[in-house]
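As structure tokens, the structure follows; a few thoughts come after it.
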Amino acid sequence: MSEIITTKTVKPKKVADAAAVSICPATQEMIVRAQELGIDTVFDRAATMKPCNIGLQGTCCKICAMGPCRLPLPKAGIEGEDTRKGLCGATPNTVAARNFARMVAAGAAAHSDHGRSVAEVFLSMARKETADYKIKDPGKVLQIAPYFGVATTVEVDGEELDRDFDEIVLEVAEKALAEWGKPEGNLAYLKRAPAPLYERWKKLGELPRNIDREIVETMHRTTMGVDQDYKNIVKQCTRTALCDGWGGAMIATDLQDAMFGSPSPLQTEANMGIMKEDHVNIIIHGHEPVLSEMIVAASQSQDMVDYAVSKGAKGIQLGGICCTGNEILQRHGVPPAGNFLQQELAIITGACDAMVVDVQCVFQNLANVAKCFHTKLITTHPIAKMEQDNVIHIEFDEHHALEDAKRIVKMAIDNFKNRGAEVMIPQHKATQIAGFGVESIEYHLGGTFRGSYYTLNDNIINGRIRGVAGVVGCNNARTKHNEEHITIIKELIKNDVLVLTTGCSAITCGTHGLLTPETAQVFCGPGLAEVCETVGIPPVLHMGSCVDNSRILPAATEMVKAGGLGNDIRDLPAAGSAPEWMSEKAIAIGQYFVASGVYTVFGYHMPLDGAPEFKNYLYNELEEIYGGSGTVSPTPLSMPTR
Ligand code: XCC
């Protein structure tokens with residue numbers, strides 16, 4: 001009998017359509033380049049893998065081994081009583097609330113653990129255990145000391161004198177670090193909020209006690225068989241979110257400003273075109289600036305520059321990705337090479353001699369991409385290693401930080417000669433002004449003597465500016481890269497709304513040229529354009545990294561204090577949005593904005609559809625409690641922008 005040979009038809013692998021998945025020309029070029037080289041990127045993986053439908057609805061419970069219990073909403077909806085329940089009887093509301101609360105806890109943990117690392121380095125510096133860090137902004141230390149109950153003066157013989165500065169720094173360091181685990185009292189920074197807001201949290205019983213405790217309690221309350229009342233779960237996760245925004249993240253921002261300098265406006269560029277073929281390119285990615293500050297110092301040191309030249313390069317080009325990138329942009333003008341979804345693409349240029357990563361938002365696939373090139377992928381944080389064997393781990397230690405940084409920079413320089421012929425840097429970049437903070441905005445609003453947020457309030461009262469919006473957060477491979485950010489921001493400024501931006505949204509704005517004063521004449525409504533021209537600021541202000549969302553809260557508080565717009569943040573014409581969010585951190589941020597009285601709109605999707613009652617509680621009923629509420633607008637133009 002003759003053999004029957006069957007040939008299986010192999011379907012070609014589905015890949016992303018570059019023009020359909022990003023509006024950024026550099027990104028589009030590099031997606032095509034990756035496909036030519038047979039390297040898959042997040043864009044291709046999003047084309048081949050669909051998200052889980054039950055998870056999308058927020059009603060998959062996997063907190064015990066009797067599950068996962070799946071409680072999707074039937075396509076036809078539910079008529080009559082909703083009888084869906086897990087094996088233990090957990091309702092869709094309980095399941096979705098637990099999942100939501102755990103996202104808040106994880107997000108708050110990420111920002112706050114970052115804050116803890118900064119506080120530990122700050123304490124080392126205060127104890128003089130390291131010579132590599134110094135106070136660069138003494139004014140910031142004196143500004144925050146009273147919130148921690150640290151005296152800045154002493155009485156000597158009935159005379160009030162300045163207290164020894166080193167003593168103040170040490171006490172601030174100890175008190176700040178205690179915020180993570182102090183046994184009594186409430187978070188120190190809560191009193192920075194307008195008094196009515198503080199009183200509301202107090203009345204609701206939601207003043208966070210210490211950072212670790214709230215996160216731990218949320219994890220406890222959402223384990224099997226504990227809190228089974230979704231409103232009570234939301235109450236606790238709100239308290240947890242507050243210990244992020246008014247706790248861990250805010251402390252991180254302040255201590256970073258004290259040690260590395262508070263940002264002030266500076267001009268640089270953004271997008272992958274900042275990489276230079278004839279330079280050693282080092283890309284810094286992640287979130288914690290304690291090491292990247294040292295890498296900036298090392299790469300600017302004459303011995304390292306000379307070493308690079310001796311190896312045939314014209315110099316050293318640093319570039320940032322994600323929020324470590326934003327930190328060194330804000331303080332040193334290091335240009336961002338890209339945002340979250342561009343991380344693999346920076347390596348695919350073939351010109352990335354080293355990518356240095358710390359914590360958060362780092363794709364594990366970077367290691368697979370780096371294998372195809374000469375790129376050294378270096379992890380630096382003890383809590384964030386990678387399993388692939390081509391990844392180098394150089395653990396950063398604040399006691400010899402500059403030495404560690406020089407080791408990394410030298411490794412990148414030594415790697416310059418190993419580049420293949422396949423370098424392709426997309427020639428797209430834009431000029432940007434970044435470096436805004438609470439103080440620098442105040443300064444711009446009136447100069448050294450007259451600086452006041454009242455200038456802003458006055459222009460809101462006289463109608464030139466309609467309000468202020470914080471547009472922040474990530475990119476998400478389930479939405480068109482950068483499109484939602486740009487669409488909503490252009491719509492806001494067209495409607496005379498001043499925009500504050502952070503995180504990957506801010507990198508997006510830089511990439512697409514929205515961070516220059518000239519933007520005002522092109523995209524703004526007449527009122528905002530006039531104010532921007534008079535004051536000399538762009539209509540979109542880059543306020544820093546994800547933890548720097550905590551800058552927006554004191555800025556709002558300054559607006560309240562300046563007067564004329566009410567006595568609480570909820571009275572301000574202010575809103576927040578994360579149009580392309582993907583991280584749990586964005587959920588924590590959204591929840592502390594809501595609890596601080598800000599109307600907050602998420603783009604894309606929120607995993608709540610499987611529990612309509614819980615969703616209604618979050619979207620509508622919270623507004624009565626806090627004055628702020630969260631909601632979702634899946635398309636940017638369906639978001640309220642006026
Ligand atoms: Fe990560 Fe902070 Fe999101 Fe960007 S924006 S994707 S969290 S890097 Ni904060």
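Note that the structure is predicted; figures quoted are calculated from it, not measured. Atoms within each ligand, like the ligands themselves, are counted from 1 in listed order.
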Atom indices of ligand 1, in the order listed, that fall short of 4.0 Å to a heavy atom of [X]:
X: K585; value: 7 (S)
X: M582; value: 6 (S)
X: H287; value: 1 (Fe), 2 (Fe), 8 (S)

Exercise. Cut-off 3.5 Å, side chains only: do Q256 and H114 have a donor facing an acceptor?
Worked result: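 Checked: Q256/H114 side chains pair up, N/O donor to acceptor below 3.5 Å.
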
For this session: Using only heavy-atom distances, determine whether the side chains of Q364 and E387 contain a donor-acceptor pair under 3.5 Å.
Result: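 Q364 vs E387: donor-acceptor pair found between side chains.
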
Exercise. Are the ring centres of F122 and Y133 closer than 6.0 Å?
Worked result: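 No, ring centres 6.0 Å or more apart.
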
For this session: Output all residues satisfying side-chain contact (heavy atoms from CB on, under 4.5 Å) with P573, sequence neighbours left out; order by chain, then residue number.
Result: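 Applying side-chain contact (heavy atoms from CB on, under 4.5 Å) to P573 gives I460, L565.
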
Problem set entry | Summary of salt bridge (charged side-chain N to carboxylate O under 4.0 Å, His left out) pairs that have at least one residue in residues 110-122, sequence neighbours excluded |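 Qualifying pairs, neighbours excluded: D113-R116, R116-D212.
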
Exercise. How far apart are the closest heavy atoms of V334 and G320, and which atoms are they?
Worked result: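 Scanning both residues, the minimum pair turns out to be CG1-N, 4.4 Å.
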
Exercise. Under 2.8 Å from atom 4 (Fe) of ligand 1, which protein atoms of type N, O or S occur, listed by chain and number?
Worked result: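 Hits for atom 4 (Fe) of ligand 1 below 2.8 Å: C504 SG.
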
Exercise. What residues form a ring pair (Phe, Tyr, Trp, His ring centres under 6.0 Å) with F396, not counting sequence neighbours?
Worked result: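 With neighbours one apart ignored, the set is empty.
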
Exercise. For ligand 1, is Q360 a contact, meaning one of its heavy atoms is under 4.0 Å away?
Worked result: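 Q360 does not count as a contact of ligand 1 under the 4.0 Å cut-off.
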
For this session: Take the angle between the ring planes of H481 and F43 and call it parallel below 30°, perpendicular above 60°, tilted in between.
Result: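 Taking F43 first and then H481, their aromatic rings stand perpendicular (interplane angle over 60°).
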
